[in-house]
Amino acid sequence: MAKNSELRLRFDFNNMMADFIGEKEGFTVEELNQSAKICQDAFDTVQKNRGTGMMGWSELPYNQDEVVTDIVATAKNVRENFKYFVVLGIGGSALGPIAVFQALKHLHYNDLSDEKRGGPKFYVEDNVDPERMNALFDVIEPEKTMFNVITKSGSTSETMSQYLIIWDMLKSKFGKDAKNHMIATTSENSGNLIKIAKEEGLKTFYIPDSVGGRFSELCPVGLLPAAVLGIDIKTMLAGAAYMDKLCATADYKKNPAMAFAILQYIAFNKGKNISVMMPYADSLRFMADWYCQLWAESLGKAVKKDGSPAFTGQTPVKSLGVTDQHSQVQLYTEGPFDKVVTFIAVDNYRSEVVIPNGCEQFPNVNFLCGHTMNELISTEMKATEYALCRKNRLNNTIYLPEVNEFTLGQFMFMLELATAYIGEMLGIDTYNQPGVEEGKNATYAMFGRKGYEEKRQELENAPKKKEEFIC
Ligand code: PA5
């Protein structure tokens, strides 16, 4: 394996600067230097709060030796005895596992033979679409399936309804042995799932109270599914710790997470309300989804910590290079000046494909021959960067030397830190999600959950939809 320094992520923000995209849109060094105090204050607050309140995530790279041992042993058992591993969860309890699976396993993993896969097939059920639930039953064999229900609150309707359906099926098939097919990952101290798990005798893993859903990939939420897939979770944590060390200063020139945060902050204050995440790698496409949740739920807030109005937060948008060059890039180059595009580039892809000779009589096709797809995808990213710069559009790039456990650990930790910094800059509570809770509560009320009578009344009194506005 390459040395840590060779696997270090690089954050290139040249194309945020006036030198490259012009004075009107681009930033100057003076402007960035003037933000030094904002960076320092955000850095100091994040440092001070590390490991406390809802900032337990910052210590996950360091304090999980015991649980990692348990996870590795449990994962070994699952790998040896089960053909399917199914996660039941949503939001922060699903997006990390999906993103890491896509990034580190074969891109057609579930289609491989048992021998080539070397571990269970993997599914994450992060919706309550009845068609999807029944579709799952069509592809798994219950006697060979381990389920992992993940919910910190233990009360999320989507996850608990999935749990009820699966548990009912397991009970009817296996009776008292149903417990051998379900692992629960939840809060140790609160919520329903821990009580249910204890009652049913399920194997459990705990989500620390100080770690919120969208910051939970590096705790058992993400580590157990990853380990079941044969992913080296210790190296992922080591990557996170490595990034943490790189970010040990408030100086944005040395701290990639701070550079990302302050640039987005300044851009946001200049009306760049949209943050596009555009990986040039299929393996990283769901990392963009993971980022979208992190950025949206953490920063989209109505009030500041002091109670004053905020109505803040950039809208994250997921894009995939090169695919979305043929769908979204027209808008990014010529539409409103309201975006920052972040490319994610990979220096060394894990495969190489040569474009063979052919079509000699058609020079406009033949020019591709002899090149590799690797060259093509990287060149297309540079070409898109260039096109954006020509149109004075803010863009920056996170380079991963390659996609592996160590670089992913760095990547995720960098963006978690950046989210924490910008949350402080915006003066908001990065870790709550009252907007999500409102929807959850409305669902409980409409389903007649005890304790939600008042909310139900409120909903019943809400204006009814009018036929005249439906055509
Ligand atoms: O980031 C968050 O806190 C949320 O997105 C949660 O992860 C999501 O709502 C699921 O919650 P829970 O894990 O309690 O089921």
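Every number for a ligand or one of its atoms is a count from 1 in the order of the listing.
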K.L.:
Do we see a donor-acceptor contact under 3.5 Å between the side chains of Ser187 and Asp209?
P.N.:
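Looking only at side-chain atoms, Asp209 and Ser187 do form a donor-acceptor pair, the distance falling under 3.5 Å.
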K.L.:
Indicate, with yes or no, if the rings of Trp167 and Phe174 have centres closer together than 6.0 Å.
P.N.:
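Judged by ring-centre distance (under 6.0 Å), Trp167 and Phe174 do not meet the cut-off.
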K.L.:
Give one line per pair: atom of ligand 1, protein atom, distance. Only N/O to N/O under 3.5 Å.
P.N.:
residue	atom	partner	partner atom	Å
ligand 1	1 (O)	Arg214	N	2.9
ligand 1	1 (O)	Arg214	NH1	3.0
ligand 1	1 (O)	Gln293	NE2	3.4
ligand 1	1 (O)	Glu297	OE1	3.0
ligand 1	3 (O)	Gly213	N	3.4
ligand 1	5 (O)	Gln293	NE2	2.6
ligand 1	5 (O)	Glu297	OE1	2.9
ligand 1	5 (O)	Glu297	OE2	3.3
ligand 1	7 (O)	Gly92	N	2.9
ligand 1	9 (O)	Lys440	NZ	3.4
ligand 1	13 (O)	Ser93	OG	2.8
ligand 1	13 (O)	Lys152	N	2.8
ligand 1	14 (O)	Thr151	OG1	3.4
ligand 1	14 (O)	Lys152	N	3.4
ligand 1	14 (O)	Ser153	N	2.8
ligand 1	14 (O)	Ser153	OG	2.7
ligand 1	14 (O)	Thr156	OG1	3.4
ligand 1	15 (O)	Thr151	OG1	2.6
ligand 1	15 (O)	Thr156	OG1	2.5

K.L.:
Using the test side chain to side chain donor-acceptor pair (under 3.5 Å), find all partners of Asn15 that sit at least two apart in sequence or belong to another chain.
P.N.:
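Side chain to side chain donor-acceptor pair (under 3.5 Å) check on Asn15 returns Glu385, Asn395.
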K.L.:
Centre of Tyr242's six-membered ring, under 6.0 Å away, within 45 degrees of the axis: is that where NZ or CZ of Arg8 sits?
P.N.:
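Judged by the rule, Arg8 and Tyr242 form no cation-pi pair.
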K.L.:
For His181, which of Phe85, Phe147, Phe82, Tyr84 qualifies under ring-ring contact (aromatic ring centres under 6.0 Å, His included)?
P.N.:
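When Phe85, Phe147, Phe82, Tyr84 are each tested with His181, the ring-ring contact (aromatic ring centres under 6.0 Å, His included) holds only for Phe82.
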K.L.:
Side chains of Thr74 and Asn77: is there a donor and an acceptor less than 3.5 Å apart?
P.N.:
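No, because no side-chain N or O of Thr74 sits under 3.5 Å from a partner of the opposite role on Asn77.
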